[in-house]
Amino acid sequence: MPAFPLLAVDIGNTSTVIGLADERLDLTHTWRIRTNREHLPDDLAMRLHSLLALTGAPMPRAAVLSSVAPPLGQNYVLALRRHFAVEAFEVSATNLPDVQVELDVPDAVGADRLCNLFGAEKYLNTHEYAVVVDFGTSTNFDVIGRGRRFLGGVLATGAQVSADALFSRAAKLPRITLQAPGTAIGKNTTHALQSGLVFGYAEMVDGLLRRIRAELPGPAVAIATGGFSRTIEGICREIDHYDETLTLRGLVELWASR
């Protein structure tokens with residue numbers, strides 16, 4: 001059976017990113033949907049079929065997925081098996097023999113972080129190290145070494161989670177859109193909140209990247225991905241590249257490298 005089109009599914013805590021790749025490993029279609037842990041295999045099959053039909057995309061012949069939101073990963077596997085006759089490859093540290101996970105407990109690394117390792121490879125070039133800053137429900141700093149080494153990283157609260165916590169504890173503060181204001185000094189409550197949440201978050205990212213680079217024995221290239229990366233693009237001084245599809249592309253390249 002042909003291996004393409006290849007369906008790639010990256011299941012996060014807040015959103016799920018889905019892509020369809022052709023035989024050149026290029027993403028021809030991408031979708032972002034809300035993650036719902038209550039969806040059963042039949043629900044997921046209907047949603048996948050609707051997305052494919054909506055854009056006239058072909059049915060997948062193979063699939064690869066990563067999940068940090070159990071039991072959705074297994075439910076996607078069942079949906080693809082039952083309704084698409086596709087046996088999905090589910091990413092974990094135990095089924096990637098060419099990856100070195102240099103953690104105290106290697107199996108504890110998230111599947112999405114392994115995908116980032118593969119997605120970052122094209123940015124290494126002359127660098128020995130890369131740091132992927134993945135802006136999701138949490139913000140993950142994935143430190144990667146040449147030769148598919150996952151060295152470790154940092155976990156920080158996501159920007160939207162921080163904002164939601166602030167609004168829930170301070171009833172008089174208005175809920176705002178997370179976007180950069182024109183200046184750091186706010187002239188009203190909304191402006192001041194945007195400055196603290198966006199500029200303050202960008203400074204945290206820059207500071208952690210400086211600390212990470214100082215601990216590495218060689219220069220490291222920094223790449224940002226995830227939904228909030230669009231908001232801080234051009235604000236963070238320590239980030240070299242922005243790549244919204246890095247995790248999904250890494251998922252495709254991981255599948256092809258087996």
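If you're wondering where the values come from, they're calculated on a predicted model, not measured in any experiment.
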When the side chains of residues 26-33 are checked against the rest of the protein, which donor-acceptor pairs come out under 3.5 Å, sequence neighbours left out?
from, atom 1, to, atom 2, distance (Å)
Asp26, OD2, Arg24, NE, 3.4
Thr28, OG1, Leu20, O, 3.1
Arg32, NH1, Ser15, OG, 3.1

TODO: Could you tell me which residues satisfy salt bridge (charged side-chain N to carboxylate O under 4.0 Å, His left out) with Asp164, sequence neighbours excluded, listed by chain and number?
DONE: Arg175

Task: Main-chain N/O of Pro70 paired to Arg37 side chain as donor or acceptor, under 3.5 Å - done: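 Yes; judged by distance alone, with no hydrogens or angles, the pair exists.
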
Task: Asn36 side chain vs Glu38 backbone, donor-acceptor pair below 3.5 Å - done: yes

TODO: Classify the ring geometry between Phe4 and Trp255 as parallel (under 30°), tilted (30 to 60°) or perpendicular (over 60°).
DONE: perpendicular

TODO: Report the relative orientation of the aromatic rings in Tyr123 and His241; use parallel for angles under 30°, tilted for 30 to 60°, perpendicular for over 60°.
DONE: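 It falls in the tilted class, 30° to 60°.
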
Open item on the list: Tell me whether Lys122 is salt-bridged to Glu253, with the criterion being a basic N under 4.0 Å from an acidic carboxylate O.
Closed with: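 No, no charged N to carboxylate O under 4.0 Å.
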
- [ ] For the pair Glu238 and Arg211, find out whether any cationic side-chain nitrogen is under 4.0 Å from an anionic carboxylate oxygen.
- [x] no

- [ ] Look up atom CG in Leu251 and atom CG in Asp112, then write down how far apart they are to the nearest 0.5 Å.
- [x] 10.0 Å

- [ ] Using distance alone, with no hydrogens and no angle criterion, decide if Ser162 and Thr157 have a side-chain donor and acceptor under 3.5 Å apart.
- [x] no

Task: Row check, Tyr242 ring normal vs Arg230 NZ/CZ: under 6.0 Å, within 45° - done: no

Open item on the list: If you count heavy atoms of other groups shown closer than 6.0 angstrom to CZ of Arg258, is the number above 12?
Closed with: yes

Task: Identified side-chain hydrogen bond (donor to acceptor under 3.5 Å, both in side chains) counterpart of Asn116 within the set Asp142, Asn140, Thr225 - done: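 Only one option passes, and that is Asp142.
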
